[in-house]
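Keep in mind it's a predicted model, so treat the numbers as computed, not measured. Numbering starts at 1 and runs along the sequence shown.
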Amino acid sequence: MLEALIADLRASLGISFKQDIQVAAQALGQWAKNTQAEELIRLGDDCAAIPEVDGYLLFAAEGMWPLLVETEPWFAGWCSVLVNVSDIYAMGGRPIAVVDALWSQSAKQAEEVWTGMMAASNAFNVPIVGGHTNGHSPYDALAVSILGRAKSLITSFNAQPGDTLLLVTNLQGKPHPHHPFWDAATDADPKRLQGDLALLPQLAEAGLCDAGKDVSMGGIVGTTLMLLEASGCGAVLHLDQVPQPSTVSLTQWLLSFPSYGFLLAVRPEYVNAIQPYFAQRDLVCAAIGHIEPNSQLRLTYQGDSQIFWNLATHGLTGFRALS
């Protein structure tokens, strides 16, 4: 059973696409210069964290899957804002504004994308303040960038051996009929969405969590790999302990973008203090594994245990821990 599950995970597009990032890592290296200060900016996190006097300016961008933009323009517009907002909150920040770049083959296609983007902009209370529009394109494409600020960071580079891996998510949703997406957002109350996301900067500012990532299109396992690569660690992930909706299989759930999902690496003594933050809002916050002092991601399931990935021999994104 575990062997078949691992084969499905390795073959998934979400994890395959993450390896495309290696081209950027090779071109950029691990650091960028901050022209406004002497500090260097570490590359490879959910957002670039640019040091300021009293915290960090957060800057991120997401390009949408072309097939989604072509076939479901409203949903692509919605997701383009959602994924950027998630990146900001994942790093302990709060969003400021987004801009977009939209290429479309028709005015109707562009209108549907805009309707989705505006719906998400209103739901997450993040304004769209500019961008670029091309209505005479030979293809449909969408990219969105976001700015935010953080007082205290949650970063991919801070996971430590001994940390507990917590999965934070919302199981009160429904699967998308065509794509690996668990929708716990499009029908939700905006105040609820905003309050749930606000828990992440609250944890960071309380000093309870400084390491983690949002669960991206790489799913829970792919996101764990990216966290491990950036922190230079290994982990054991207990798939039996992963909470999942009753309406999807474990494989489907592990490959899904959860719309509200974060993987946190937490010092064990803080776990009991963190979980009530989410329990009081009927959100899941479950221990599903722990960080180890090696380079392997090991999966366990129904009494079986296998190495899923060895980062010492096969990188994922190329943005790795500094030696």
Sub-3.5 Å donor-acceptor pair from the side chain of S137 to the main-chain atoms of N134, do we have one?
-> no
Look only at the side chain of S256 and the backbone of W182, and say whether a donor-acceptor pair between them is shorter than 3.5 Å.
-> no
Could you walk me through whether F262 and L283 pass side chain to side chain contact (heavy atoms under 4.5 Å, CB included), step by step?
-> CA-CA 11 Å; F262 302 91; L283 297 167; over 6 Å; no
Could you pull out the closest heavy-atom pair between A206 and Y277, with the gap in Å?
-> CB-OH, 4.1 Å
Which atom pair, heavy atoms only, marks the closest approach of T164 to A287?
-> CG2-CB, 3.8 Å
Which residues share a salt bridge (charged side-chain N to carboxylate O under 4.0 Å, His left out) with E52, sequence neighbours left out | R149
State which residues pass ring-ring contact (aromatic ring centres under 6.0 Å, His included) with F181; sequence neighbours excluded, sorted by chain then number.
-> F75, F257
In Å and rounded to the nearest 0.5 Å, what is the CG to CG distance from D304 to L2?
-> 4.5 Å
Quick one: ring-ring contact (aromatic ring centres under 6.0 Å, His included) partners of Y89, sequence neighbours excluded?
-> none
Hey, are the side chains of L297 and N310 touching, using non-hydrogen atoms and a 4.5 Å cut-off?
-> no
Determine yes or no for a side-chain-to-main-chain donor-acceptor pair under 3.5 angstrom, with W309 supplying the side chain and R10 the backbone.
-> no
With distance as the sole test, does D163 use its side chain to make a donor-acceptor pair with the main-chain N or O of A159 at under 3.5 Å?
-> no
Considering only heavy atoms from C-beta outward, does the side chain of I220 approach that of P258 to under 4.5 Å?
-> no
In one Ile/Leu/Val/Met/Phe/Trp/Tyr side-chain cluster, 4.5 Å: V129, L82 | no
For N84 and V81, indicate whether the former's side chain and the latter's backbone hold a donor-acceptor pair under 3.5 Å.
-> no
Minimum heavy-atom distance between T223 and S216, given as atom pair plus value | OG1-N, 3.1 Å
Indicate yes or no: at least one non-hydrogen side-chain atom of Y301 is less than 4.5 angstrom from one of L250.
-> yes
What's the verdict on side chain to side chain contact (heavy atoms under 4.5 Å, CB included) for S104 and H136, showing C-alpha distance, side-chain angles and the deciding distance?
-> CA-CA 6 Å; S104 60; H136 296 82; over 6 Å; no
Qualifying salt bridge (charged side-chain N to carboxylate O under 4.0 Å, His left out) pairs with a residue from residues 117-138, counting only residues at least two apart or across chains | none
For A49, which residues count as a side chain to side chain contact (heavy atoms under 4.5 Å, CB included) partner, sequence neighbours excluded?
-> Y56, L58, M91, L153
Would you say the side chain of I307 lies within less than 4.5 Å of the side chain of Q296, judging by non-hydrogen atoms?
-> yes
I would like to know whether D183 and S259 meet side-chain hydrogen bond (donor to acceptor under 3.5 Å, both in side chains); could you show each step before the answer?
-> CA-CA 6 Å; D183 186 2; S259 71; 4.9 Å; no
With no hydrogens and no angle check, is any side-chain donor or acceptor of D189 less than 3.5 Å from a backbone partner on K191?
-> yes
Shortest non-hydrogen contact from L193 to A184?
-> CD2-O, 4.0 Å
Which ILVMFWY residues can you reach from W103 by hopping between side chains whose heavy atoms are under 4.5 Å apart?
-> Y139
From S121 atom OG to D100 atom CG, the distance as rounded to the nearest 0.5 Å = 10.5 Å
Considering all heavy atoms, the nearest P268-G162 contact = CG-O, 3.2 Å
Does the side-chain hydrogen bond (donor to acceptor under 3.5 Å, both in side chains) test come out yes or no for S156 and D45, once each step is laid out?
-> CA-CA 6 Å; S156 302; D45 219 331; 2.6 Å; yes
Under 6.0 Å from the NE2 atom of H132, do we count more than 12 heavy atoms belonging to anything else shown?
-> yes
Taking it one step at a time, do L165 and L264 satisfy side chain to side chain contact (heavy atoms under 4.5 Å, CB included)?
-> CA-CA 6 Å; L165 280 172; L264 306 179; over 6 Å; no
Any side-chain heavy-atom pair of L9 and L254 under 4.5 Å | yes
Name all pairs fulfilling the salt bridge (charged side-chain N to carboxylate O under 4.0 Å, His left out) condition that reach into residues 290-301, sequence neighbours left out, sorted by first residue then second.
-> none
Excluding sequence neighbours, so at least two apart, what forms ring-ring contact (aromatic ring centres under 6.0 Å, His included) with W114?
-> none
Check: V248 main-chain N/O paired with Q244 side-chain donor or acceptor under 3.5 Å = yes
Could you walk me through whether W253 and L171 pass the side chain to side chain contact (heavy atoms under 4.5 Å, CB included) check?
-> CA-CA 10 Å; W253 179 238; L171 301 183; 3.8 Å; yes
Check: I274 and C285 side chains under 4.5 Å, non-hydrogen atoms | yes
Measure the CD1-CD1 distance between I146 and I88 for me, rounded to the nearest 0.5 Å.
-> 4.5 Å
Would a hydrophobic clustering, with Ile, Leu, Val, Met, Phe, Trp and Tyr connected at side-chain separations under 4.5 Å, put L227 with L311?
-> yes
Might you point out which heavy atoms bring L102 and A110 nearest each other, and give the distance in Å?
-> CD2-CB, 4.0 Å
Is a side-chain N or O of S231 found less than 3.5 angstrom from the main chain of L228, in a donor-acceptor match?
-> no
Report yes or no: does D240 contribute a side-chain atom to a donor-acceptor pair with the main-chain N or O of Q302 at less than 3.5 Å?
-> yes
For the atom pair CD (Q160) and CD1 (I291), what is the distance rounded to the nearest 0.5 Å?
-> 10.0 Å
Sub-4.5 Å side-chain heavy-atom contact between L166 and L263 = no
Within the distance-only criterion (no hydrogens, no angle test), does the side chain of Q105 pair as donor or acceptor with the backbone N or O of G135 below 3.5 angstrom?
-> no
Below 4.5 Å, heavy atoms only, C-beta onward: do V113 and L142 meet side chain to side chain?
-> yes
Are there more than 12 heavy atoms of other residues, nucleotides or ligands under 6.0 Å from atom NZ of K151?
-> no
Begin from the C-alpha positions of S249 and Q252 and carry the test side-chain hydrogen bond (donor to acceptor under 3.5 Å, both in side chains) through to its verdict.
-> CA-CA 5 Å; S249 68; Q252 288 175 293; 3.2 Å; yes
So the salt bridge (charged side-chain N to carboxylate O under 4.0 Å, His left out) pairs with at least one residue in residues 195-221 (sequence neighbours excluded) are D46-K213, R94-E205, R192-D196, D196-R281, D210-R267
Taking only residues at least two apart or on different chains, which pairs with a member in residues 82-91 satisfy salt bridge (charged side-chain N to carboxylate O under 4.0 Å, His left out)?
-> none
Taking only residues two or more places apart in sequence or in another chain, which ones pass ring-ring contact (aromatic ring centres under 6.0 Å, His included) with W78?
-> W74, F124
CD of E269: more than 12 outside heavy atoms within 6.0 angstrom?
-> yes
Across all chains, not counting sequence neighbours, the side chain to side chain contact (heavy atoms under 4.5 Å, CB included) partners of H238 are V236, Q241, H290, T300
